[in-house]
Amino acid sequence: MKKEDLAKLRVAIVGGGYGGASAALALLNIGVTDVKVYEQASGITEVGAGIGLRPETVQFFRDNGAFDAIAAVSSPSHYFQILTPDGHEIFREDWPGINDFPQPNHTRMIHRADFIEALRTTLPDGVLVLDHKLVDIVDNGADATLTFANGNVVTADIVIGADGIKSLVRSKFFSDKPPVFARTHAYRVVIDAENAEGMLVDGNLQLFIDDKGTMIYFLPLLHRNQVSFDITVYSEDSTWAPPITKEYLIEKLTGFDPKLVEITRKLDMDAINSRSGYDIDSVDNWHTDSIAILGDAAHAMLWHQGQGANTAVMDAGGLAEALVEADSVKEALALYQAKRKPVTDELQAISRQSWDPDKVDTAFPGSQGGH
């Protein structure tokens, strides 16, 4: 689209998480001036733990002027290591794509809340609009109208649903299938280095896994002098936020390195974020002529490949690129889906496979699809 046409667009983004904030950043960078991000919360409510921003994601932030903000609250990682429960190495692999750019881009470890806060600080005043919970959306063809719980009504030329795994935008227009339970629970907490039993030695991600499918992700947050500690176990309890006891966790870690067990024994149970594993089936269509979805709203996936946040950010970049390349909004949204959906379909499928310690031949299947 021509610059003058981009400048006239009204864009409303539903959801102020990674995908929504990244989409606003990318759209502003291509010359769309009327961009609003509507977030239902009154402030940052993201909990949980750490994630890794892949090299192509880091490049997105360089290209869109947000790298310094991200780098200030993250630390670089060189490789991913998969180990037996007692700490013997099964596999070690450098993060792919580090040298695919004008300068090296290391994967960067970051806390979810820090990530969202850093992203939001890069947006101009007035772009992020809090306390706006979407209750209805109407597709008018050439534009769409949003109604919020506080009574505000907004009409925009493009509406982007970045409203997560329980997306109202997706359920109304693209798929009303509910999220799918993966028979796993994740128990996540951030601990200080002094409570890491001497295991925090560098910035590289470690995955300890046993033959029962119990996993511990040990994700360093060196800039915080902390560790994101994630225990994943199989479970038939589909409760969204299942109750948890320390005795249960310790029992699940039979055979794991005594240091990992001791870390678990000392955990503050009130600080643990307990979450069942859910994703969604592949969604056939992501767009109308004026509405599209991205991130978890379009392709929520399990965390085994660490691609949820990364694909949301890359969706944002793909959407902006499509608007520049196409001649109209309608064509741009179709082009966006054509470029991004094959990538995320593959990563969704790979992420459902979890990890099999007897069949690991690469830590990053499908990683080339992130570009």
For a quick test of your reading: what N or O donor-acceptor pairs under 3.5 Å do the side chains of residues 20-27 make, sequence neighbours left out?
unit_1 : atom_1 : unit_2 : atom_2 : d
Ser22  : OG     : Tyr18  : O      : 2.8

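- The residues Asp281 and Arg352 are annotated as salt-bridged, a charged nitrogen and a carboxylate oxygen being separated by less than 4.0 angstrom.
- Side chain of Lys246 to backbone of Arg265: a donor-acceptor contact under 3.5 angstrom is found.
- A donor-acceptor distance shorter than 3.5 angstrom exists from the side chain of His223 to the backbone of Val73, with no hydrogens or angles considered.
- By the neighbour-count criterion of 12 heavy atoms within 6.0 Å, atom NZ of Lys330 is sparsely surrounded, having that number or fewer from other residues, nucleotides or ligands.
- The environment of NZ in Lys177 is sparse: at most 12 heavy-atom neighbours from other residues, nucleotides or ligands sit within 6.0 Å.
- Between the side chain of Glu197 and the backbone N or O of Met199 there is no donor-acceptor pair closer than 3.5 Å.
- There is a side-chain donor-acceptor pair under 3.5 Å between Arg62 and Asn105.
- Remark: the Asp139 side chain and the Ser290 side chain contain an N/O donor-acceptor pair separated by less than 3.5 Å.
- Side-chain atoms of Asp315 and His299 include a donor-acceptor pair closer than 3.5 Å.
- Residues Asp192 and Asn195 bring no donor and acceptor atom of their side chains to less than 3.5 Å of each other.
- Looking at heavy atoms from C-beta onward, Ile116 lies in side-chain contact with Arg120 at the 4.5 angstrom threshold.
- Each of Leu130, Val135, Val129 was evaluated against His132; a single residue qualifies, Val129, per the side-chain contact (heavy atoms from CB on, under 4.5 Å) test.
- For the salt bridge (Lys or Arg N to Asp or Glu O under 4.0 Å) condition, the pairs that include at least one residue of residues 226-244, sequence neighbours left out, are Arg183-Glu236, Arg188-Asp230.
- Side chains of Met215 and Leu207 form a contact here, defined as non-hydrogen atoms less than 4.5 Å apart.
- Aromatic ring centroids of Phe208 and Phe256 lie 6.0 Å or more apart.
- Between Tyr187 and Tyr248, the angle of the ring planes goes over 60°, which puts this pair in the perpendicular group of the 30/60° scheme.
- For the 3.5 Å distance criterion, the side chains of Asp143 and Thr155 fail to qualify, holding no donor opposite an acceptor.
- Inspection of the Lys166 and Ser171 side chains reveals no N or O donor paired with an N or O acceptor under 3.5 Å.
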